[in-house]
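Index from 1, following the sequence.
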Amino acid sequence: MINLDDSIIGNENFVKTLTERGIRKDGEQMSYAKAVDHGFERGAHFYGHNGYWGGFSAMMLKFPEKNLSLVAMANNTEISSPAMTYRMARYFLDEHPVTENRKFVKVPKKIKQKYCSDYITYKTGYMRKVIMSGDTLKYIVAPGVERVLKPVSKNLFKMAGVGIDYTFQFEESSNGSKSMLVRREGLIQNEYVSYEPIAKNFNIPSNLNGVYHSDELDVDYELEVSDNIIAVSVNGEEMMKYLPVVDGLYCSESTHHGYLVFSKNAQSGFTLNDYSLKSVNFKRKDS
């Protein structure tokens with residue numbers, strides 16, 4: 001953190017390059033820079049990043065205009081380092097921090113069971129699962145990482161055990177589809193919709209193999225289907241893998257690289273979507 005201010009290692013250009021946001025060919029500026037992500041909290045600009053591996057998690061936030069740097073680290077996946085860091089940010093940035101106390105209510109198990117489903121957000125391609133464990137509704141982030149949801153009303157739940165006010169509002173349409181609106185500190189963070197996971201015997205069409213080009217990013221992606229996974233290579237180096245979710249939609253294996261959506265004429269091309277790129281078009285080079 002000190003180095004980001006004083007450039008002890010490297011120089012001013014190094015720090016400037018590290019925090020410089022990516023820019024698409026159409027001129028749109030992305031939130032992601034070279035190894036850090038830009039954002040705002042309580043109206044204050046920050047850049048930072050999180051990381052998870054092998055049961056450990058970490059988060060760093062730096063508010064350059066506030067001369068404030070925050071770091072949280074944990075060796076237990078039940079502890080959310082990002083939540084801890086944002087909680088610290090609230091404390092230091094708010095002149096009068098407000099602690100919201102929500103009263104919990106009892107909701108019949110049969111109603112809570114209605115909200116159990118597989119969910120996806122088309123903003124990032126993140127997939128989540130809501131399950132019943134006994135009489136408790138649980139939110140599954142990833143295998144081994146789950147959070148308890150406590151009812152505030154019949155269809156509004158609060159995530160327990162974290163320092164941030166995360167709420168989950170469930171709705172069900174007349175056709176039986178479900179939605180889950182996730183708010184962080186009252187602001188909408190993601191909207192998830194329920195989906196039916198693809199059949200286990202589904203096989204990715206081999207005709208998706210090929211080289212695709214994006215004019216916006218000026219890059220070629222080479223796609224190769226193997227073991228029911230789409231591997232993406234750039235300049236001969238494998239960069240990421242995508243798994244089938246529903247027909248025509250493939251999500252990143254690591255959740256960090258968004259998702260691919262193929263057109264009805266699947267061979268002609270696809271769009272790459274994630275939280276910063278937003279529907280980048282790729283066309284097959286030999287089409």
Side-chain angles (χ1 to χ4, degrees), residues 18-41 46-53 57 59-61 80 82 86 118-129 140-142 145 179-184 187-195 197-198 204 208 211-225 229-235 237-263 266 269-284:
L18 179 73
T19 57
E20 184 179 20
R21 300 186 189 204
I23 300 177
R24 289 174 22 170
K25 288 190 71 177
D26 61 7
E28 183 177 344
Q29 193 178 55
M30 296 185 289
S31 64
Y32 204 76
K34 298 179 177 67
V36 294
D37 205 12
H38 288 262
F40 287 88
E41 180 69 20
F46 71 78
Y47 53 83
H49 212 290
N50 60 49
Y52 300 84
W53 188 257
S57 69
M59 180 76 182
M60 61 82 72
L61 289 178
S80 172
Y86 284 113
D118 291 277
Y119 291 89
I120 185 171
T121 170
Y122 293 109
K123 178 181 177 183
T124 60
Y126 291 169
M127 293 175 289
R128 301 292 186 256
K129 187 185 291 285
I140 310 299
V141 180
V145 182
S179 65
M180 177 175 67
L181 194 63
V182 181
R183 290 185 174 88
R184 176 179 172 273
L187 300 176
I188 295 175
Q189 185 183 52
N190 274 313
E191 183 171 2
Y192 291 82
V193 293
S194 61
Y195 74 95
I198 206 158
I204 301 175
L208 299 187
V211 179
Y212 299 77
H213 181 77
S214 167
D215 290 334
E216 295 164 280
L217 300 181
D218 192 21
V219 66
D220 287 346
Y221 273 13
E222 182 177 358
L223 272 58
E224 182 179 359
V225 177
I229 290 174
I230 298 177
V232 176
S233 298
V234 177
N235 296 327
E237 180 181 356
E238 185 178 296
M239 303 296 291
M240 46 263 189
K241 294 180 179 179
Y242 292 86
L243 307 174
V245 178
V246 296
D247 191 14
L249 189 150
Y250 303 84
C251 277
S252 165
E253 186 180 46
S254 68
T255 74
H256 291 308
H257 302 118
Y259 62 98
L260 311 179
V261 178
F262 285 83
S263 59
F270 62 88
T271 58
L272 167 65
N273 304 264
D274 78 358
Y275 66 92
S276 61
L277 288 177
K278 301 174 186 175
S279 299
V280 175
N281 295 307
F282 281 78
K283 292 184 178 180
R284 183 184 283 272

Exercise for the section: Quick one: pull up NZ in K34 and CG in L18 and give me the separation to the nearest 0.5 Å. Expected result: 9.0 Å

Practice task
Enter the distance from L223:CG to Y242:OH here, rounded to the nearest 0.5 Å.
Solution key: 9.0 Å

Handout entry: Verdict with reasoning, V245 to Y195, per side-chain contact (heavy atoms from CB on, under 4.5 Å)
Key = CA-CA 9 Å; V245 178; Y195 74 95; 3.4 Å; yes

Fill in the blank from the handout: Between V234 and V219 the two heavy atoms that sit nearest each other are CG1-CG2, 4.0 Å

Practice task
Assert yes or no for the condition that the ring centre distance of F282 to F270 is strictly below 6.0 Å.
Solution key: yes

Practice task
Measure from the ring center of H49 to the ring center of Y32 and say whether it is less than 6.0 Å.
Solution key: yes

Practice task
Go through the structure and list residues passing side chain to side chain donor-acceptor pair (under 3.5 Å) with T19, not counting sequence neighbours.
Solution key: none

Handout entry: Straight-line distance of D274 CG to Y126 OH, nearest 0.5 Å
Key = 8.0 Å

Problem - With sequence neighbours excluded, residues passing salt bridge (Lys or Arg N to Asp or Glu O under 4.0 Å) with E224 - result: none

Problem - Heavy-atom side-chain contact between L260 and Y221 under 4.5 Å - result: no

Handout entry: Heavy-atom pair with the smallest gap, counting every atom of M239 and H257
Key = O-CE1, 4.3 Å

Exercise for the section: Say whether, by atom type as modelled, one donor and one acceptor occur between the side chain of E216 and the main chain of N281 under 3.5 angstrom. Expected result: yes

Handout entry: Side chain proximity check, I120 to L249, heavy atoms < 4.5 angstrom
Key = yes

Handout entry: Atom pair OH (Y119) and CE (M127), whose distance is rounded to the nearest 0.5 Å
Key = 15.5 Å

Practice task
Using the side-chain contact (heavy atoms from CB on, under 4.5 Å) rule, take L208 and Y250 through it: C-alpha gap first, then chi angles, then the decisive distance, then the call.
Solution key: CA-CA 12 Å; L208 299 187; Y250 303 84; 4.0 Å; yes

Practice task
Taking all non-hydrogen atoms of both residues into account, name the closest pair between D247 and I198 and its distance.
Solution key: N-CD1, 3.7 Å

Problem - Side chain to side chain, V141 and R128, heavy atoms closer than 4.5 Å - result: yes

Practice task
Please report the shortest heavy-atom distance between S233 and E238, naming the atom on each side.
Solution key: OG-CA, 3.4 Å

Fill in the blank from the handout: By side chain to side chain donor-acceptor pair (under 3.5 Å), D37 pairs with (sequence neighbours left out) S31

Completion exercise
Separation between CE (M180) and CD (E191), nearest 0.5 Å, reads 10.0 Å

Problem - Spacing of SG belonging to C251 relative to CG belonging to N273, to within rounding of 0.5 Å - result: 9.5 Å

Handout entry: Sub-4.5 Å side-chain heavy-atom contact between L61 and Y86
Key = yes

Handout entry: Residue pair V193 / Y122, side-chain heavy-atom distance below 4.5 Å
Key = yes

